[in-house]
Structure formats: structure tokens, C-alpha cells
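The figures here come from the full heavy-atom set of this structure, side chains too, leaving out hydrogens, waters and symmetry mates. Chain A is the first sequence line, chain B the second, and so forth, proteins listed ahead of strands; every chain is numbered from 1. As the structure is a prediction and not an experimental result, all values here were calculated from the model.
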Amino acid sequence: MRMSHLYMPTIKEDPADADVVSNKLLIRAGMVRQLVSGVYSYMPLGNRVLKKVEKIVREEQDAAGFQEVLMSALQPRELWDKTGRWADFGPEMFKLEDRKGREFCLGPTHEEYFTDFVKNELNSYKQLPLIIYQIQSKYRDERRPRAGLIRCREFLMKDAYNFDIDEEGMVKSYEKVWESYEKTFDRLGFDYRIVRGDSGNMGGNVSHEFIAITSGGEAQIAYCKDCDYSATDEIAECVTKNYDESDEMLTPEKVHTPDVKTIDQLNEYFNLPRKKFVKTLLFKAEGEVFAVMLPGDRDLNITKLSKYLEVHPDRIEMLVEGEINDLTGSHLGFVGPFGLKDSVRLIIDSRVKKMKNFIVGANEIDYHLKNANIQEDLECEIVKDLLNAKVGDECPECGGTIDIQTGIEVGNIFQFGTKYSKALDATFLDKNGVAQHFWMGSHGIGVSRIVAALVEQNHDDYGIIWPLNVAPYQAIVSILNTKDEERVALGEKIYEDLKAKGVEVLLDDRNERAGVKFNDMDLIGIPLRVVVGRKASEGIIEYSTRDEMDKAEISTEDAIDRIVTAVENIK
RNA sequence: CGGGUUGUGGCGCAGUUUGGUAGCGCACUACGCUGGGGGUGUAGUGGCCGCUGGUUCAAAUCCAGUCAACCCGACCA
């Protein structure tokens, strides 16, 4: 492709709206543009990258024996009512009506449709197991789209669904998908971790997430420095022995603490570490009121609380100031476990149960209780773990040290058994001629999100550094001065030779100054680069790669040879 | 949905406090010089100042409403 004709509007300054580096660079490099919040379009270079990522994803799915299909994105409401997810998804779903008033949505995911489809088409265990997938735009009306391509309302996703005769088969399918994902993310060159995930509203038991590690990514993971343990922050088990577990229980004592309400203030007022305090948080959900006790130096993990209560996390609300007194008899900043109204359920993290002689609110304005302890006769519910894991915790598996990293979730896999097949009554006949529900799982890869994650992991101050196998073009030939006929002739020749050898190559034949060409070349991140410059008359060019940037003066034949070899070696 | 910020040529911004002819840089067009890291000269093109209403002789500027975008915050590829 000649750059004099390439639709590649690069931008010199950072766009004001873009915050994350991938969004900035993709916009500046003329690869994507935003239409409205969370909706993006791809220009030629961006589209080529997207298609290459898609191709790698597809190849690995096909290699694993999964079969590609394409289901409609437009789906009728009835399908979703059968599983209750028309209501569950709520405002996250883009809904619309046809001219007759029938309700539809744009698919945010496809469990219902795939299950319904298979139900109508597959009847026998002999046709199982089956894993089918599609690559298609998904639509989710996110409460807050952000970070460019990372969190969109329209995004390209590969979603796969497995149908098995029993649990064992489902687990085998899960493992096959797992392997195909490892191959995919390995090929993409990602630095990533596979972590245990929460199954969210997909329902079910086991899930894992594939997290591309980037600083400032929105997914937090806890992992063990000493073994393979890793999990998302939502479910990572918190193990810590940070607390005073002495046997001696001192006598409780009321202490005047005027206007000292937060753990920070207590810390300062008593000059004691945060772990000597206990915080009591008040929540309501489903008409009940809860007091939750945690060590003062720890944060509540809402997912864990939600699981314990068996209530959707969105339904759990913190009490506001006015409600606290009415509903619990306590006061904001001075809440404690003793003397709450009987209707308040007292829920205690197991660490608090073991803590001795801590300081906690006295349920009286301007008073805290010193030397408080959870006595055996206190009516309460002890929950093993309600805390967010933290750097320095103990690994729940090997006792090693836990660390926290952030990243971007680029893939995830779920086992959900017969949840959807039962809801949609999707069955097959087993060996004995008995109808059985399919055992299923669903598995996603965020194709468009991968484009952003790749940029997050592969860039420098000058621009994007595309890996060779996803680069929009593999090579670029830049003619520095297009008024110099010798250089033009040589550049054209190299360009034609590379094209003839099957290399995807750009020719920078624009009548621009050298600086513009160098800067654009760096920005758009083409991996293999030939600069035709001063030594063109001797047949010598400058060869460099985008990641190394070191220029080597070599012959044109040598350069072509290196480029062709590099391209042939692409996995 | 709460909290915060911002809407002025394609992009980045000033002007709003104190109402009075809409500006700067980049980009773009034409011609020239230059030709190894976003060069330069001359001459140009392009804007109902997000939208609606109000105050006023007069509104980018003041007032009210509304819409949109971005950032922080409770599960999402």
C-alpha cells in the first residue's frame, strides 16, 4: 500500500478525551475513532489489526476442533424470559421493538440462543460433545464505558459454548477450551495470568479469567509469589494472621472519643495501629439490616458478603446517616456490636472473632469501647472470610506471600452445568433412550479488547510497537526525499520485491519531510523498517525493527532477505 | 445511578471573572524555498461559541433548563 493514498489520519497531539495510553495511541495513529461513548469505528490500519487478532483467535478455535457459526445479534425477548435474564440484565441490555411492538434485544451474550438452537437441532448423545463458537459484535449498555476499547458498549467477542452429556464431559470440554486459550494468548505474545474467577450472573460453579497484565488495568488479581495460586480480587481468599490472638480478655471500658468517627481518626486519637480497631458497617438488603464487623485495617469484599447473604450485590446498600439511628439504634461513626436492635443481623468476619481486646464503637455518640471481645454468648453469625485480599497476605494454598497485580481481562471460561439447558428444557437422548439435559459452559475472548491490551503491553514514548503477527502491515519502506529520483527508484523496487514475496508492506512515498515520516512510522508501529536515504546510490539502506530501533546500514538484498525471513517465521 | 470536570473551525486551546466586531497553534488549499526527526515564507479556506428558553439596546460571556463527553466510585470480554 502506498501511503500517499492510505487513509491514515495521524494526530500530533493527544486527544483531550483519551486517558489510557492504548486509546491515545490508537486514536493518534489513525486506527480508531469514537462515535459516542463506548462505541468505536476502525479505520484501515485499526481494522487490519482487528482482523488479524480475529484470525489468530479463529485459527486456535478451529485447531482445537471447535466449529464456527454465526448467530443473530438481534434476539426476541421470549428467549430471555425463559431464563429470567431479560429482567436480570436490566438496563445493561440494549432493547428495541419491531414495528409490531414485539420486543428484542441486541445480544449482550448468547447462552439462551445457543442453547435454544441446539435444543432444536441435536437429539442424540452420539452428536456430543459439541463445541461451537462465533465471532460477533456484542452489545452491553455499560453503566460507565471507559478506557477506549477496553470497556465498550459495542465490542467484538469470540464466544464459545460447549454441550456435553455429563459433568465429566463438561470438564473435559472446559480443559480443551482452556488449552486453546493458552495457545491463543501465547501467540499474541501476552504477558498474562490465568486466575480463578467469580461467575457473576453467568451463574454456575467454576470459572477462570485470562488477565493480560498491565499497570493500571481495571482487573485486580491476587496471586502467590511462591506457587500457582491466583484469583481475581473478587474471590481471592484472604488469609492473614496479623491480629492479637492472646488468651487474656480484659474488662471492657467505655472511652470518651468526641467526634472521633473513622478508623483514621481513631488511629490518631489512640495512637494505636489500625489492626487494633474493629469497624462495624451497616447495610440493608431485601428488607433486612446487617451489621458487618471487620478488622479496622481491612476492606469489605462485597462479592463475598453477597454470596454469604445469597443476595445480588446490587441489592446491598449501605445505610445512610438518617437510617442508622432509626434502624439500628446506633450512630454514624460509633457503631458497635453491643446493644443494636434485635432486628439487626450481626455478621462477623472470623478474624474479628479471634481478635482480643479491640476497640469498637459503643453505639453511643462520642463513645468507643476499649478491650472489647466477641464472647461466646453473643448472638451473631461468624463468616470465615469477608475481606479483600491484600499484599502480604498468606497464600491459602501454600502459605507463601500474596501479591496484587492489575490487568485487563481478555478471556474467560465458565462451567455452568445444566443451568441453561434446564431453563430452556434442552435435552438429548442418552444411551438408554432417556432424555438428559445438556451439560454446558460458555467461554469468551474479547477480540476488540485484545487490540487495546496489546497496545498497553507494547508501546513506548514514540508510539505503538505491534508484534509482527498482528501488525497492520509487516514492513514499511520509507523514501526520505521523494524529489531524489535515485531514492524513489530504489524504494519502489524494494517495495515491489517485498510485495512479490508476499510481505504486507507500506511504501512511504508521501512528499513529506523526514521528521514527519519517522514520527508516523514510529507512531503506527510497523515492525520491520527500511529507510531509503543517502546511500541509495550504492544500494545501501537502513534497516531497523520497531522494537529495537537500532539502524543497520545493509544492502537492499540483505534487507529484503531479513524481512522475508522474519515474515516466514511468524507463528 | 452518585460525585467531579468539560463543551468555542477537523485536532489542541485562549476568550466568560467585568456583556459590545470570535482569536491562537496544528491541520487543510495555492505558490515558493527547504529536504535525515513533526522546517519555512506569502496568500487563503473553514466556526449559529453543545442545544433550548430567558434577561438585555446588545449574550460565547449573565440566568434557568437540557443534552453530550471524560474522570473517580459496587462483578463486566
Self-check item: Candidate nucleotides B:G36, B:C1, B:A77, ranked by approach to the side chain of A:A514 - the nearest
Solution: B:G36
Quiz item: Strictly by modelled atom types, are A:R153 and A:Y40 linked by a side-chain donor-acceptor pair under 3.5 Å?
Solution: no
Practice problem: Please measure how far the P atom in B:U21 lies from the corresponding atom in B:A60, and state the result in whole Å. | Solution: 9 Å
Quiz prompt | Base paired to B:U17 (Watson-Crick or G-U; both N/O distances under 3.5 angstrom) | solution = none
Which donor-acceptor pairs under 3.5 Å do the side chains of residues 210-221 of chain A make with protein atoms, sequence neighbours left out?
{"unit_1": "A:E218", "atom_1": "OE2", "unit_2": "A:R151", "atom_2": "NH1", "d": "2.5"}

Exercise. Could you check which of B:A69, B:G37, B:A77 has an atom nearest any side-chain atom of A:R449?
Key: B:A77
Quiz item: Given B:G73, B:G36, B:C76, which nucleotide is nearest the side-chain atoms of A:R144?
Solution: B:G73
Practice problem: Select base, sugar-phosphate, or nothing to describe what A:L480 touches, counting heavy atoms under 4.0 Å on all strands. | Solution: base
Quiz item: Under the salt bridge (charged side-chain N to carboxylate O under 4.0 Å, His left out) test, which residues partner A:E54, sequence neighbours left out?
Solution: A:R58
Practice problem: List in numerical order all residues of residues 515-537 of chain A for which some heavy atom is under 4.0 Å away from an atom belonging to RNA chain B. | Solution: A:G515, A:V516, A:F518, A:N519, A:D520, A:D522, A:G533, A:R534
Quiz item: Closest to the A:D19 side chain: B:G36, B:C71, B:C1?
Solution: B:C71
Quiz item: Is any side-chain nitrogen or oxygen of A:S37 closer than 4.0 Å to OP1 or OP2 of B:A68?
Solution: no
Self-check item: Base-pairing assignment for B:C51 (Watson-Crick or G-U wobble, both under 3.5 Å)
Solution: B:G65
Please tabulate the protein-to-nucleotide N/O contacts below 3.5 Å involving nucleotides 26-29 of chain B, giving atom names and distances.
none

Quiz item: Does B:C33 have a Watson-Crick or wobble partner in any strand here, with both distances under 3.5 angstrom, and which is it?
Solution: B:G39
Show me, pair by pair, the donor-acceptor contacts under 3.5 angstrom made by side chains of residues 16-31 of chain A, not counting sequence neighbours?
{"unit_1": "A:S22", "atom_1": "OG", "unit_2": "A:E456", "atom_2": "OE2", "d": "2.7"}
{"unit_1": "A:R28", "atom_1": "NE", "unit_2": "A:I11", "atom_2": "O", "d": "3.0"}

Quiz item: Which listed nucleotide (B:A69, B:A77, B:G38) is nearest to the side chain of A:D17?
Solution: B:A69
Please write out each protein N/O paired with an N/O of nucleotides 41-47 of chain B under 3.5 Å, distance rounded to 0.1 Å.
none

Quiz prompt | Among B:A77, B:G12, B:C70, the one nearest A:R151 by side-chain distance | solution = B:A77
